[in-house]
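What's counted below: heavy atoms across the whole structure, side chains too, no hydrogens, waters or symmetry copies. The sequence lines fix the lettering, A, B, ..., with proteins before strands; numbering per chain opens at 1.
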Amino acid sequence: MSEIENAHDLPYVHNTFSQVDPERSPHHWVMVIDLRKCIGCQSCVVACKSENNVPVGVYRTWVQVVEVGQWEVDPNGDGPVAVEGKTYVPSVKRFSLPRLCNHCDDPPCVEVCPVEATFKRQDGLVLIDYPTCIGCGYCIQACPYDARFFNPIQQTADKCTFCVQRIDRGLLPACVTSCVGRARVFGDLNDPDSEVGALLAHYSTQGLDIAAGTNPQVFYINLDGDLVDAATAYNTVYPYAAGTNTNQYDELTGRVLLETPTGGEGGRA
Amino acid sequence: MGGSLTHSGLENAYWGLMVVTYPYISGLVAGSFIVSSLSHVFHQRRFDALAPLAVLASLALLIAAPLTVLGDARQPSNALELLTRDHLPYSPLSMFIVIWLTYIALMLAELYFAFRATNVRIAEGTGWWAGLHRVIALGSSDTSESGARRDRRILFGLSCVGIVLAFLFHGYIGFVFGATKARSLWATPLMPVLFIVSAIVSGIAFMWLVYVVAMRYVGRRADRVVASGLLTYLVLFLLLDLFLDAIDLLTSAVPEYAQGSTYSSFYHLMLHGPFTFTYLGVQLGIGMVLPLVLWLIPVVRRSWLGGAVISLAVLAGVFAMRWNVVLGGQAESKISSNTVVTTSVPLTGFDSLQTVLGVFAVAFLIFLLFSWLFPWRQASAAAPAEPLDPGRPAQAGAPAEPLDQEPSLRFGPTLSPATSKGGA
């Protein structure tokens, strides 16, 4: 369990994040993810695991595969899914949504840590001082993106660091270098000539769960409402059907809900 | 809109049974302290005999309460970081160490003054038992009436501060959940109030049971005035709790009033889901409606068995409330709609039933130790209350048992059936 690196001795902030002055900070690291270019190959997930030695069963970044659309009643009555006398056919599309810690500008995880073990560095990174962590799990509860987890080996909270050990040496994060479609772009928002600056200037971008007021610093291009709906809690939760394997008609939303297996030890894929 | 996720198992509920038990135990602490303050602050003289017992029970549980969260933490050896680099006042959890240490200090002071006169009288005797109590009495030898009056004044002041601390101690736990905006079932300003009121409810029910059982153990009949008085307070706070739960229901279970995420989680978890039994059945049904209905029947209300059933039902309901908040809130998925984060409670090992029973066992041992050191029977008998047993009137101010006698540790009732049977 090694302490987090801070090669340039940047100040740490624990409390009120307006203390982070973007003018005086040497960098403001952000990530832009262009969803039009993500092909769902999961190589970023593999690269992250390899670079950061992330244990089996937990993930610092993961690519969520989201099915968008509806199951519609088949007028002929021979759709693949039959519920209550009707049959349904899928009218759905699949999207990939790469996710990681959003390195929020107002991170609730940092605010709630009882021992100041996690902090925001002046250049925008939200990091953890592992030897200090008491493992209470409050930061994990407070993160709206489920970006934090308990590292099963070192038994502390853990999360994406934007590959701090690489960017302090002038390298890109592992997930960015391995992205085959160049969907992940990393850079310095303080630098007007950076690629992220250009992307943010040219495209309309969206953040995940911006209603939470966390000010996320991972920006998505082409993140539409259907995706957000399916990839946040702001939708219906799956009706509990332990031991059954039947598709259900949800009276609340008028949708057919497919049985999906739940549980398991944090298998993100 | 939206769709169903094609995979899941993305999330884990990291807070388990130990975190369910933590607010439960600290609720009993706060509630039993409020019971002791009925005598110390609100001068309800009929509860004087109960106050020493309530102080002992409250302190024992207070010492044991942090063991639950310590057992839940992944790095318990780092717990002392709370003293050296506490994130005050930004983190709701950072309030713990401040409030808890202050509360411990206050309870020890309260313990000293509640038992000072009794300890001084024991210290007048001879032998190691008297010597021990000379130490516990911290050299005080004042047995005068003015000294007792001063004790009561100090207890009044301490208890006033203690009530504030009891509210803070439990209110901060409610705020730990209420401040977590990532979980829509937790993020409600009602949380601290709900926790405090249900804490008082559970504390009164707990003290009813402790009082009746403890009185039987020492062979005195529990006083009907005390027991029925406690039940009356229990019902009053239960009505307040019911009112708060009604507000919670209105703002969670009615789609037109509730946030979309709150409503959908509440609908699929609490109303038609894995927590329906513990919420509608145990928390509301057994924990609130059943006790209120039973209390309305005079025969049941006046019987010992009826009182015990009411108290046990209330305790079960409050535990279910903690269960539904802690585990129910985590069952709601953060990042993938149409899934439930399932949890299971292991029987042994980390965060299990075994560890929870262990914490209660530690609390019970501490209670036994304190009740042996601080003879609450004599302190209760010395209190100017109504006679504890109509058949055997105890003179006010006179100890019911010889004080210079060394304690006999009795494990089991040694008294005749006539005195140990309460009867309905």
K.L.:
Taking every heavy-atom pair that is under 4.5 Å apart, which of Ser344(B), Ala73(B), Ser77(B), Ser94(B) has the most such pairs with chain A?
P.N.:
Ala73(B)

K.L.:
Taking Gln75(B) for its side chain and Gln155(A) for its backbone only, find out whether a donor-acceptor pair lies under 3.5 Å.
P.N.:
yes

K.L.:
Taking atom CZ as the centre, does Phe175(B) end up with more than 12 heavy-atom neighbours from other residues, nucleotides or ligands that are less than 6.0 angstrom away?
P.N.:
no

K.L.:
Evaluate the side-chain proximity of Ile140(A) to Trp15(B): yes if any heavy-atom separation is below 4.5 Å, no if none is.
P.N.:
no

K.L.:
For the CZ atom on Phe350(B), are there more than 12 heavy atoms of other groups (residues, nucleotides or ligands in this structure) within a distance under 6.0 Å?
P.N.:
yes

K.L.:
Hey, what's the ring geometry for Phe150(A) with Tyr14(B), parallel, tilted or perpendicular (30° and 60° as the breaks)?
P.N.:
perpendicular

K.L.:
Of the backbone (N, CA, C, O) and the side chain (C-beta and beyond), which part of Val176(B) lies under 4.5 Å from a heavy atom of chain A, both, or neither?
P.N.:
both

K.L.:
Checking Lys181(B) side chain against Pro144(A) main chain: does a donor-acceptor pair fall under 3.5 Å?
P.N.:
no

K.L.:
Would you name the heavy atoms of Glu116(A) and Asp86(B) that are closest together and state the gap between them?
P.N.:
OE2-O, 4.3 Å

K.L.:
Does atom CD of Gln206(A) have more than 12 heavy-atom neighbours, drawn from other residues, nucleotides or ligands, at distances under 6.0 Å?
P.N.:
yes

K.L.:
Atom CG of Asn15(A) and atom NE2 of His87(B): how far apart are they, to the nearest 0.5 Å?
P.N.:
3.5 Å

K.L.:
Just by modelled atom types, is the Ile335(B) backbone N or O under 3.5 Å from a matching donor or acceptor in the Gln64(A) side chain?
P.N.:
yes

K.L.:
Under 4.5 Å heavy-atom distance to chain A, tell me which part of Gln330(B) shows up: side chain, backbone, both or neither.
P.N.:
side chain

K.L.:
Please give me the minimum heavy-atom distance between Glu11(B) and Asp146(A), naming the atom from each residue.
P.N.:
CG-OD2, 3.1 Å

K.L.:
Show the nearest heavy-atom pair for residues Leu82(B) and Pro114(A), with the distance to one decimal.
P.N.:
CD2-CB, 3.9 Å

K.L.:
Atom SG in Cys113(A), atom CD in Glu81(B): separation rounded to 0.5 Å?
P.N.:
10.0 Å

K.L.:
With only heavy atoms counted, which part of Cys136(A) is less than 4.5 Å from chain B, the side chain, the backbone, both or neither?
P.N.:
both

K.L.:
Determine whether a donor-acceptor pair (N or O, by modelled atom type, separation under 3.5 Å) exists between the side chain of Arg74(B) and the backbone of Thr156(A).
P.N.:
no

